[in-house]
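Please read the structure below before turning to the comments.
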Amino acid sequence: MGSAGQSHKLITARDAGLVACQQCGQVHAMGAQVCKRCEGRLQSRDTESLQKVWAWLIAGIIAYIPANIYPMLLTSTLVERSESTIIGGVVELFEHGSWGIATIVFAASVMIPVGKFVAIIYLAISVQRRSNANQHERHKAYEVVEFIGRWSMIDVFVVAILSALVQLDTIATVNPGIAAVSFALSVIFTMLSAQAFDSRLIWDAARTQE
């Protein structure tokens with residue numbers, strides 16, 4: 001009964017002498033090198049996780065800068081040639097009354113990418129500082145970052161579809177600008193940064209502060 005007054009102690013798989021496969025989730029005894037289910041390499045912790053996270057994240061931020069400066073869409077007609085940046089396109093959509101589409105584009109092109117940058121930076125710094133606070137919330141934040149990563153290419157998909165459909169020879173043409181490539185690279189680098197983050201490191205802080 002002496003332990004009744006103690007709070008339930010959270011232990012990690014490592015504390016229990018286990019290691020889970022990051023590919024299929026199969027649990028093995030500590031010391032196993034290869035997953036018996038998918039034959040993937042087993043590793044209790046990725047010791048180079050944070051280095052890879054920062055490297056991919058910095059690359060993603062660098063690629064995101066020209067994505068907002070240079071034109072995303074190049075439109076040519078018989079009478080004029082126009083270039084649209086991400087923000088410029090959002091403003092034009094608002095001016096034409098397409099508020100819903102403009103909101104979606106703004107969210108997918110600005111709010112989500114910037115939010116992912118901030119979230120990954122927060123997670124990486126909290127792990128580096130061995131923070132023991134809000135571990136459950138941080139893990140949920142990581143899962144959200146991974147989930148929304150697949151929706152970050154909306155702009156690129158729209159530009160690709162328009163470029164394929166609006167090709168009317170000399171009447172009108174729509175082509176992707178350099179910002180489309182930069183934005184795609186930024187999204188890819190950010191996704192790789194999120195995937196490189198070993199979320200198990202979040203729970204190690206509790207062990208180091210006991």
Side-chain angles (χ1 to χ4, degrees), residues 1-64 106-154 183 185-210:
M1 297 297 292
S3 61
Q6 299 179 356
S7 60
H8 293 288
K9 182 181 177 183
L10 180 67
I11 65 171
T12 63
R14 173 186 275 184
D15 294 330
L18 302 171
V19 58
C21 176
Q22 290 291 88
Q23 303 298 323
C24 68
Q26 178 69 37
V27 177
H28 303 74
M30 186 68 71
Q33 300 296 320
V34 180
C35 177
K36 61 185 179 182
R37 176 186 292 171
C38 67
E39 298 184 352
R41 181 171 174 267
L42 296 176
Q43 191 175 17
S44 179
R45 295 293 185 274
D46 184 354
T47 57
E48 299 178 351
S49 173
L50 290 179
Q51 291 92 324
K52 290 184 286 187
V53 167
W54 284 115
W56 287 121
L57 182 62
I58 292 171
I61 294 174
I62 292 174
Y64 187 68
F106 181 76
S109 305
V110 179
M111 295 180 64
I112 290 178
V114 173
K116 287 175 63 179
F117 292 148
V118 173
I120 294 174
I121 291 172
Y122 166 69
L123 291 171
I125 291 177
S126 67
V127 168
Q128 283 183 325
R129 293 182 175 180
R130 299 187 179 278
S131 173
N132 193 27
N134 303 320
Q135 290 172 303
H136 285 282
E137 287 74 12
R138 281 188 283 150
H139 193 87
K140 290 178 181 178
Y142 169 72
E143 292 179 345
V144 170
V145 169
E146 274 208 316
F147 175 78
I148 65 177
R150 70 193 71 178
W151 301 102
S152 301
M153 285 289 220
I154 292 178
F183 189 83
L185 288 174
S186 178
V187 171
I188 292 171
F189 292 153
T190 309
M191 290 175 65
L192 290 173
S193 177
Q195 291 178 358
F197 182 78
D198 190 346
S199 60
R200 296 172 297 184
L201 295 173
I202 295 174
W203 306 100
D204 288 345
R207 299 172 63 251
T208 58
Q209 295 183 11
E210 289 178 353

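Between Asp198 and Ser49, the shortest heavy-atom contact is N-OG, 2.8 Å. The two atoms that bring Leu123 and Ser126 nearest to each other are O-OG, 2.8 Å, heavy atoms only. When all heavy atoms of Pro113 and Ala107 are compared, the pair lying nearest together is CD-O, 4.1 Å. Across every non-hydrogen atom of Gly60 and Thr190, the tightest pair is CA-OG1, 4.3 Å. Scanning both residues, Ser193 and Val53, for their nearest heavy atoms gives OG-O, 2.9 Å. For the pair Ser109 and Phe183, the tightest heavy-atom approach, listed with the atom from each and the gap, is O-CE1, 3.6 Å.
Two residues are said to be in side-chain contact when any heavy atoms from C-beta on lie closer than 4.5 Å; Met191 and Trp56 fail this criterion. Looking at Phe197 and Val127, their side chains come closer than 4.5 Å, going by heavy atoms from C-beta outward. Using a 4.5 Å heavy-atom cutoff, the side chains of Glu143 and Phe147 are not in contact.
Interatomic distance, Leu192 CG to Leu57 CG, rounded to the nearest 0.5 Å: 11.5 Å. Note: Trp54 CH2 to Ile125 CD1 = 4.5 Å, rounded to the nearest 0.5 Å.
Taking the six-membered ring for Trp and thresholds of 30 and 60 degrees, Phe117 and Tyr64 have ring planes more than 60 degrees apart, a perpendicular arrangement.
Each of Glu137, His139, Arg138 was checked for a side-chain contact (heavy atoms from CB on, under 4.5 Å) with Gln135, and the lone residue meeting it is Arg138.
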